[in-house]
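All values below come from the heavy atoms of this structure, side chains included, with hydrogens, waters and symmetry mates left out.
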Amino acid sequence: MAAAPHVPVPVGCIGAGRMAQGVLEGILREGKIAAQNVTVSAPTDRNLEKFKLRGCRTSHNNRSVVSRCRVVFLATKPHIIPSVLEEISPEVTAEHVIVSMAAGVTLQTLETNLPPGTKVIRMMPNLPCVVQEGAVVFSRGRCAGEGEANLFQSLVRTCGLCVEVPESYIDIHTGVYTFAEALADGAVKMGMPGALARQIAAQTLLGAAKMLLQSEEHPATLRSDVCTPGGTTIHGLHELEKGGLRATVMNAVEAATTRAMDMGRK
């Protein structure tokens, strides 16, 4: 991946939980933003300690983050977003780019609760951003142009894949940790030590993902390539089909998407 251009703008984040840590750690690891140009706020010091150790500025005052920074990430729980928007609204100017990573909070909600003309972006990251192997999808509000989209992408593309999508796609973004756990548990059941099983499960998923991205083959083609007649893989796949893996995963994505959409309507 080509190195992204240096971004000299101050960056802030309201909220200091796991997703905030993942995104900001991805940005800081690349060295695109100096730690002293990052300001993070949270109600208590509990989650701020990691950012302090990284050299970031920290605060308990959300408005101070907006006054210091041009790009501001909102990383609080979704039900807190309306009160945060009300709190910071007096500090938001036409120069700001407000980026929400709160699940289910729509662009319309953001624009309605911020000053007219505010440039807003809605994003959905995942935790592997912290190791620069994440997947970020985002959508722009009505007043965010190409310049804001390019600025945003220059910041977060170091976290991994970064793709602009229609807003309706954002609620579909889900994770795979439960599958990795089940894969490792199966190996443990058959006698493999737990630590080794988890390492192999993780590497297997990482390798499969890279094959999908780099080969651009359909998953069914790659699956067929490793299914030797009468071999171990086809027997394992038969058990997955008997257990309804495909339908279960599709149902899980549907349930998570529906929940995100329900949260956006509240």
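Heavy atoms only, all atoms of each residue included: A20 and C13 are closest at CB-SG, 3.7 Å. Residue I27 comes nearest to I33 through the heavy atom pair CG2-CG1, 3.9 Å, listed as atom of the first residue, atom of the second, then distance. Nearest heavy-atom pair across N61 and S41 is O-CB, 4.1 Å. Closest of all the heavy-atom pairs between S64 and S67 is O-OG, 2.9 Å. Nearest heavy atom pair, residue V23 against residue C159, reads O-SG, 3.6 Å. Between V136 and M123, the shortest heavy-atom contact is CG1-CE, 3.7 Å.
Listed by first then second residue, pairs satisfying ring-ring contact (aromatic ring centres under 6.0 Å, His included) with a partner in residues 226-251 number zero, not counting sequence neighbours. Residue pairs meeting the ring-ring contact (aromatic ring centres under 6.0 Å, His included) criterion with at least one member in residues 129-161, sequence neighbours excluded, are F138-F152.
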- [ ] Run the numbers on T39 and T58 for side-chain contact (heavy atoms from CB on, under 4.5 Å), then give the verdict.
- [x] CA-CA 5 Å; T39 305; T58 61; over 6 Å; no
TODO: Before giving the answer on side-chain contact (heavy atoms from CB on, under 4.5 Å), spell out for F73 and V11 the whole-Å C-alpha distance, their side-chain angles and the decisive distance to 0.1 Å.
DONE: CA-CA 8 Å; F73 290 91; V11 171; 3.7 Å; yes
- [ ] Check the pair V97, V72 against side-chain contact (heavy atoms from CB on, under 4.5 Å), reporting the backbone distance first and the verdict last.
- [x] CA-CA 6 Å; V97 180; V72 178; over 6 Å; no
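Between I234 and P229 the shortest side-chain heavy-atom distance does not fall below 4.5 Å. Contact annotation: the side chain of E164 never approaches that of V137 to less than 4.5 Å [non-hydrogen atoms, C-beta and beyond]. Residues V40 and V65 form no side-chain contact, since every pair of their non-hydrogen atoms from C-beta on lies 4.5 Å or further apart. In this structure the side chain of L114 reaches within 4.5 angstrom of the side chain of I98, judged on heavy atoms. Side chains of P10 and R68 form no contact here, defined as non-hydrogen atoms less than 4.5 Å apart.
From E25, atom CD reaches atom SG of C129 across 11.5 Å, with rounding to the nearest 0.5 Å. Taking OG1 from T76 and CE from M19, the interatomic distance works out to 13.0 Å, rounded to the nearest 0.5 Å. Separating the CD atom in E49 from the CZ atom in R54 is a distance of 14.0 Å, to the nearest 0.5 Å. Atoms OG1 and CD, from T221 and E216 in turn, are 12.5 Å apart once rounded to the nearest 0.5 Å. Here the straight-line distance linking atom CD1 of I14 with atom CG of L74 works out to 5.5 Å at 0.5 Å rounding. Remark: M101 CE to M124 CE distance equals 9.0 Å, nearest 0.5 Å.
With respect to S100, the side chain to side chain contact (heavy atoms under 4.5 Å, CB included) criterion is satisfied by exactly one of L107, L110, V120: L110. The side chain to side chain donor-acceptor pair (under 3.5 Å) with R140 is formed by just one residue from the set E146, E167, E148; it is E146.
Judged by distance alone, with hydrogens and angles left aside, the side-chain atoms of E111 form no donor-acceptor pair with the main-chain N or O of P116 at under 3.5 Å. Side chain of T118 to main chain of P115: a donor-acceptor pair is present (N/O by atom type, distance under 3.5 Å, no hydrogens or angles). Side chain of R57 to main chain of N37: no donor-acceptor pair is present (N/O by atom type, distance under 3.5 Å, no hydrogens or angles). Side chain of T258 to backbone of E254: a donor-acceptor contact under 3.5 angstrom is found. N251 places a side-chain N or O within donor-acceptor distance of the main-chain N or O of A247, the cut-off being under 3.5 Å.
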Could you give the side-chain donor-acceptor pairs of residues 85-95 under 3.5 Å, partners two or more places apart or in another chain?
from	atom 1	to	atom 2	distance (Å)
E87	OE1	N62	ND2	3.0
E91	OE2	R63	NE	3.3
E91	OE2	R63	NH2	2.9
T93	OG1	E95	N	3.2
T93	OG1	H96	ND1	3.1

Distance-only check: which donor-acceptor pairs under 3.5 Å involve side-chain atoms of residues 190-212, not counting sequence neighbours?
from	atom 1	to	atom 2	distance (Å)
T204	OG1	I200	O	2.7

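Criterion: ILVMFWY side-chain heavy atoms under 4.5 Å apart, direct or through other members. Under it, L222 and L237 are not part of a common hydrophobic cluster.
Listed by chain and residue number, nothing satisfies the salt bridge (charged side-chain N to carboxylate O under 4.0 Å, His left out) test with R18 (two or more places apart in sequence, or in another chain).
Apart from L53 itself, the hydrophobic cluster it occupies contains nothing, where clustering links Ile, Leu, Val, Met, Phe, Trp and Tyr at side-chain heavy-atom distances under 4.5 Å.
Other residues, nucleotides and ligands place more than 12 heavy atoms under 6.0 Å from the NZ atom of K52.
No donor-acceptor contact under 3.5 angstrom links the side chains of T109 and T112, judged on distance only.
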